[in-house]
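Structure record follows, encoded as structure tokens.
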Amino acid sequence: GLDMDDIITDVKAQSDNIAKKSQADAETWYYSKELRETAGKHDDSLRNTKNEIVELNRVIQRLTGEHQSPVMKISYLQRCKPEGDIAEAEEHREVVIKDAKCKLSELEKAKQDMAREYQELMNIKLALDTEIMTYRKLLDGEESR
């Protein structure tokens with residue numbers, strides 16, 4: 001007749017396999033969900049860094065304009081004012097230019113730092129996107145079985 005022990009053992013093994021597969025699927029789904037959330041956060045961070053770089057470029061342009069403005073005032077003063085005022089204006093111009101160059105240099109450095117940070121975030125995003133794609137393929141492969 002039928003050997004009940006063999007049938008019970010076989011059913012138990014099948015049920016264990018189904019339980020393991022379900023657990024693996026759940027873990028894969030959870031991990032890929034976590035990756036998508038992390039990638040979303042990195043997207044936000046990238047967007048913020050990009051906006052900060054745009055803002056720094058605006059400040060740099062404004063400072064460059066401010067740097068040129070005193071030069072124009074000096075040339076006007078040289079045409080219209082006596083020698084004493086011109087010397088004072090020249091000194092003021094030098095101070096303003098030196099200050100503007102200093103600010104410009106600080107902003108250029110900050111811009112370079114942000115560009116480096118932006119590149120690092122892009123690399124992280126690319127790695128996460130690749131990992132998400134891999135897990136999607138794994139999930140799709142599991143579902144088609």
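Computed from a predicted model, the values in this text were never measured in an experiment.
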Taking NZ, NE, NH1 and NH2 as the nitrogens, is one of them in [X] or [Y] under 4.0 Å from a carboxylate oxygen of the other?
X: Arg47; Y: Asp44; value: yes
X: Lys103; Y: Asp99; value: yes
X: Asp129; Y: Lys125; value: yes

I'd like to know if the side chain of [X] pairs up with that of [Y] as donor and acceptor (distance under 3.5 Å, no hydrogens or angles considered).
X: Glu108; Y: Gln112; answer: no
X: Glu131; Y: Tyr31; answer: yes
X: Glu55; Y: Asn51; answer: no

Side-chain (Ser105) to main-chain (Lys101) donor-acceptor, under 3.5 angstrom: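 Not a single qualifying donor-acceptor pair exists.
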Donor-acceptor under 3.5 Å (Ser45 side chain, Lys41 main chain):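 No.
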Within-4.5 Å side-chain heavy-atom neighbours: [X] and [Y]:
X: Glu120; Y: Arg116; result: yes
X: Val54; Y: Arg58; result: yes
X: Asp3; Y: Ile7; result: no
X: Tyr30; Y: Glu34; result: yes

